Undergrad: 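Could you have a look at this structure, given as structure tokens, before my questions?
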Amino acid sequence: MTAKTVDVLLVGAGAMSSTLAMLLKQLDPSLKIAVVERLKNVAKESTDGWNNAGTGHAAYCELNYTPQNDQGDVDISKALSINAAFELSLQLWSYLVNKSVLPAPSNFINRTPHLSFVWGEQNVAFLRKRYELLSAHHLFEGMEYSEDPAVLEKWMPLVMEGRDPNEPVAATFMSRGSDVDFGSLARYMMEHLSQQDGFELILHHDVEDLQRSKDGGWSVLVEDRGTNDKTRIQAGFVFLGAGGGALPLLQKSGIEESKGYGGFPVSGQWLVCTDTSIADRHLAKVYGKAAIGAPPMSVPHLDTRVINGQKALLFGPFAGFTTKFLKRGSILDLPASIRGNNLMPMMSVGVNNMDLTRYLISEVFQSDGARIESLREYFPNAKDEDWSLADAGMRVQIIKKDEKGKGKLEFGTEIVASADGSIASLLGASPGASTAVAAMVDVIEKCFKDRLENDGWKEKLKIMIPSYGESLIDNENLLKGIRENTLSTLELNA
Ligand SMILES: Cc1cc2nc3c(=O)[nH]c(=O)nc-3n(C[C@H](O)[C@H](O)[C@H](O)COP(=O)(O)OP(=O)(O)OC[C@H]3O[C@@H](n4cnc5c(N)ncnc54)[C@H](O)[C@@H]3O)c2cc1C
């Protein structure tokens, strides 16, 4: 068995590892970094074009980020933090475009207005309240609201044509929304990194196991999927950016912090229309309200997509139940992840989420006709023959122990790191690739504290992400200056 040594080993070549590798290499070009990816290409799981919706999640249109309680109050705190987190991504991408590390922005991000659209008196009242609260905050300045069908028709003709004129409707419109081709973005980053000294991208290799080394780092067992040859890589720091594959590896690490976590995979499908004569009539991401019992990421939406420069429309997602943790994973992934320490949380999540179970079963058994009917709620004149069904990626939701030792299902993301900062992992899938920069800065703060304080990394981060260390939620002037630059660099202005 051969062996090699690196400072940093990243498992998986998706949005998360490519972002972390880029940040680290910019912070210290002398770092020896390796990325190990089981597939033959970069970013072919959740990060790839059609495997996700490509929404630059900024909470402009996603109604699940502004929940309403039984008293009718709308809570916007989550929307503020997601919007501020997305601003960090826009800053890093702008910095990389300005340095010519990334190509012209239209290769990976395109201005696509974000709209929330509802019908029915109760939903209209909710959207009005949401708009009043959000538009009063500087992060959401510029948001428009209308209940006038003629205005809505200008914003989204396909959604309004053929609709009952007597139905109360309302929408919010945010011009600076975006569609992001996260797959292309990750590949550009990896392409640049691969040209740097001390960086190695190891494709078609599986990380099989990992153990603590005596010196405090990790010994990682890697198998060549072509030849079955094994290699041991010694790494000072390991990041498990393996998407759905992160939980099994985290469990193999045996770190105390991994105990009690389980995963609940939800697969997805889209209806896709590649007819440009239709796609050209819709420039928007139109998000509606989720069905009762639906997980928050199943909010239906009709989206403009630009993938590899090609324009198309997407509608969905239609959720499904699976036991695979990755699109190209194994049906044994879920059963193999059951441990003594997560059995109780996993069982109690199963018992206490019957709404979700019923919803997933109904989605799985949905006919093609029923899917088209759902599409017609957003695009009344849609024709069956223009749309085809495509498989999306997999999202493994986090199950963790609650205060009572039972289980709760979480729909966010979480960084799980060892106390000594030698290993970190990203679990969960929402808001996802949009907030990869905030998540990876979090990894750096947890695992490279010393270097941040003593090696000038804080100052370097501030050059890449000018708002680093400050709150964009509280500091209006800072936000305004930064946003002016990022929107102009990334060509997101109307
Ligand atoms: C249906 C759907 C819609 C979504 N919509 C959006 C959206 O609109 N906006 C948004 O921001 N996010 C969205 N997301 C979430 C987003 O796609 C993910 O959060 C993001 O792509 C995760 O990136 P990642 O690098 O963690 O994982 P991935 O892209 O899945 O990459 C993980 C990589 O690790 C590799 N790997 C796994 N195990 C091993 C191993 N043992 N050894 C070596 N390599 C391994 C895999 O092959 C894979 O390439 C969506 C996701 C889904 C499924």
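In this text, all values refer to a predicted model and were calculated from it rather than measured experimentally. All ligand and atom numbering here is 1-based and tracks the order in the structure.
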Undergrad: At a 4.0 Å cut-off, with the gap strictly under it, does some heavy atom of Gly243 reach an atom of ligand 1?
TA: yes
Undergrad: At a non-hydrogen distance cut-off of under 4.0 Å, which region of Trp270 contacts ligand 1 (side chain, backbone, both, or neither)?
TA: side chain
Undergrad: Heavy-atom contact under 4.0 Å between Glu208 and ligand 1?
TA: no
Undergrad: Between the main-chain N or O of Ala438 and the side-chain N or O of Thr435, is there a donor-acceptor pair closer than 3.5 Å?
TA: no
Undergrad: Kindly assign one of parallel, tilted or perpendicular to the pair Trp93 and Phe108, based on the angle between their ring planes and the thresholds 30° and 60°.
TA: perpendicular
Undergrad: I'd like to check which ligand 1 atoms, numbered from 1 as shown, lie under 4.0 Å from a non-hydrogen atom of Thr55.
TA: 7 (C), 8 (O), 9 (N), 10 (C), 11 (O)
Undergrad: Of all the heavy atoms in Ala43, does at least one lie under 4.0 Å from an atom in ligand 1?
TA: no
Undergrad: What are the atoms of ligand 1, with element, lying closer than 4.0 Å to any heavy atom of Leu39?
TA: 47 (O)
Undergrad: Can you sort out which atoms of ligand 1 are near Met394, meaning under 4.0 Å from one of its heavy atoms?
TA: 53 (C)
Undergrad: Tell me, do Asp179 and Lys311 make a side-chain contact under 4.5 Å, heavy atoms counted?
TA: no
Undergrad: Indicate yes or no for a side-chain donor-acceptor contact from Ser178 to the backbone of Val180 under 3.5 Å, with no hydrogens or angles considered.
TA: no
Undergrad: Report yes if Glu37 has an N/O atom closer than 3.5 Å to an N/O atom of ligand 1; otherwise report no.
TA: yes
Undergrad: Looking at Lys327 and Glu45, is there a salt bridge between them, counting it only when a charged N and a carboxylate O are closer than 4.0 Å?
TA: no
Undergrad: Looking only at protein heavy atoms, identify the closest one to atom 37 (C) of ligand 1 and say how far it is in Å.
TA: Ala242 O, 3.3 Å
Undergrad: List the steps and the verdict of side-chain contact (heavy atoms from CB on, under 4.5 Å) for Tyr287 and His114.
TA: CA-CA 8 Å; Tyr287 274 60; His114 282 191; over 6 Å; no
Undergrad: Say whether Gly241 and ligand 1 are in contact under the criterion: heavy-atom distance to a ligand atom below 4.0 Å.
TA: yes
Undergrad: Looking at side-chain heavy atoms only, is the closest gap between Asp333 and Leu247 below 4.5 Å?
TA: no
Undergrad: Any nitrogen or oxygen of Leu426 lying under 3.5 Å from a nitrogen or oxygen in ligand 1? Just yes or no.
TA: no
Undergrad: So, is Asp206 polar-close to ligand 1, with some N/O to N/O distance under 3.5 Å?
TA: yes
Undergrad: Return the closest protein heavy atom for atom 42 (N) of ligand 1 as residue, atom name and distance.
TA: Val207 N, 2.9 Å
Undergrad: Quick test: of every protein heavy atom, which one is nearest to atom 29 (O) of ligand 1, and how far off is it to 0.1 Å?
TA: Thr47 OG1, 2.5 Å
Undergrad: What protein heavy atom sits nearest atom 26 (O) of ligand 1, and how far off is it?
TA: Met16 CG, 3.1 Å
Undergrad: To the nearest 0.1 Å, how far is atom 7 (C) of ligand 1 from its closest protein heavy atom, and which atom is that?
TA: His57 NE2, 3.3 Å
Undergrad: May I ask you to list the atoms of ligand 1 that are less than 4.0 angstrom from any heavy atom of Phe182?
TA: 9 (N), 10 (C), 11 (O)
Undergrad: Looking only at atom types and distance, does a side-chain atom of Asn52 sit under 3.5 Å from a main-chain N or O of Thr47, one as donor and one as acceptor?
TA: yes
Undergrad: Considering only heavy atoms, does His205 approach ligand 1 within less than 4.0 Å through its side chain, its backbone, both, or neither?
TA: backbone
Undergrad: Return a yes/no value for Ala433: is any of its N or O atoms, backbone included, closer than 3.5 angstrom to an N or O of ligand 1?
TA: yes
Undergrad: Is the charged tip of Lys289 near the ring of Phe126: under 6.0 Å from the six-membered ring centre and within 45° of its axis?
TA: yes
Undergrad: Using a 4.0 Å heavy-atom threshold (strictly under), name the region of Ala392 that reaches ligand 1: side chain, backbone, both or neither.
TA: side chain
Undergrad: Report the nearest protein non-hydrogen atom to atom 14 (N) of ligand 1: residue, atom name, distance rounded to 0.1 Å.
TA: Asn52 CB, 3.7 Å
Undergrad: Verify, without hydrogens or angle tests, whether Gln91 (side chain) and Glu87 (backbone) share a donor-acceptor contact under 3.5 angstrom.
TA: yes
Undergrad: Suppose we measure from atom 31 (O) of ligand 1 to each protein heavy atom; which comes out shortest, and what is that distance?
TA: Gly14 CA, 3.7 Å
Undergrad: Quick check on the 6.0 Å ring-centre criterion: do Tyr378 and Phe315 meet it?
TA: yes
Undergrad: Taking C-beta and beyond as the side chain, do Ile233 and Val6 meet within less than 4.5 Å on heavy atoms?
TA: yes
Undergrad: Could an N or O of ligand 1 be found under 3.5 Å from any N or O of Lys44, whether backbone or side chain?
TA: no
Undergrad: So if I count the atoms of ligand 1 from 1 in the order they appear, which ones are less than 4.0 Å from some heavy atom of Val11?
TA: 40 (C), 42 (N), 43 (C)
Undergrad: Would you mind running through ligand 1 and noting each atom that sits below 4.0 Å from a heavy atom of Ala429?
TA: 15 (C), 19 (O)
Undergrad: Short list, please: which atoms of ligand 1 are under 4.0 Å from a heavy atom of Pro431?
TA: 10 (C), 11 (O), 12 (N)
Undergrad: Decide, yes or no, whether a salt bridge links Glu410 with Lys408 under the criterion of side-chain N to carboxylate O below 4.0 Å.
TA: yes
Undergrad: State whether the shortest distance between N or O atoms of Gly245 and N or O atoms of ligand 1 falls below 3.5 angstrom.
TA: no
Undergrad: Counting each atom of ligand 1 from 1 as listed, which ones have a heavy atom of Leu249 under 4.0 Å away?
TA: 41 (N)
Undergrad: For atom 43 (C) of ligand 1, what's the nearest protein heavy atom and its distance?
TA: Arg38 N, 3.4 Å
Undergrad: Is a side-chain N or O of Thr489 found less than 3.5 angstrom from the main chain of Thr486, in a donor-acceptor match?
TA: no
Undergrad: Has the side chain of Ser17 got a donor or acceptor atom that lies under 3.5 Å from a matching backbone atom of Gly14?
TA: no
Undergrad: Could you tell me whether the side chain of Thr112 and the main chain of Ala284 form a donor-acceptor pair under 3.5 Å?
TA: no
Undergrad: Decide yes or no for Glu208 and Val222: does some side-chain heavy atom of the first lie under 4.5 Å from some side-chain heavy atom of the second?
TA: no
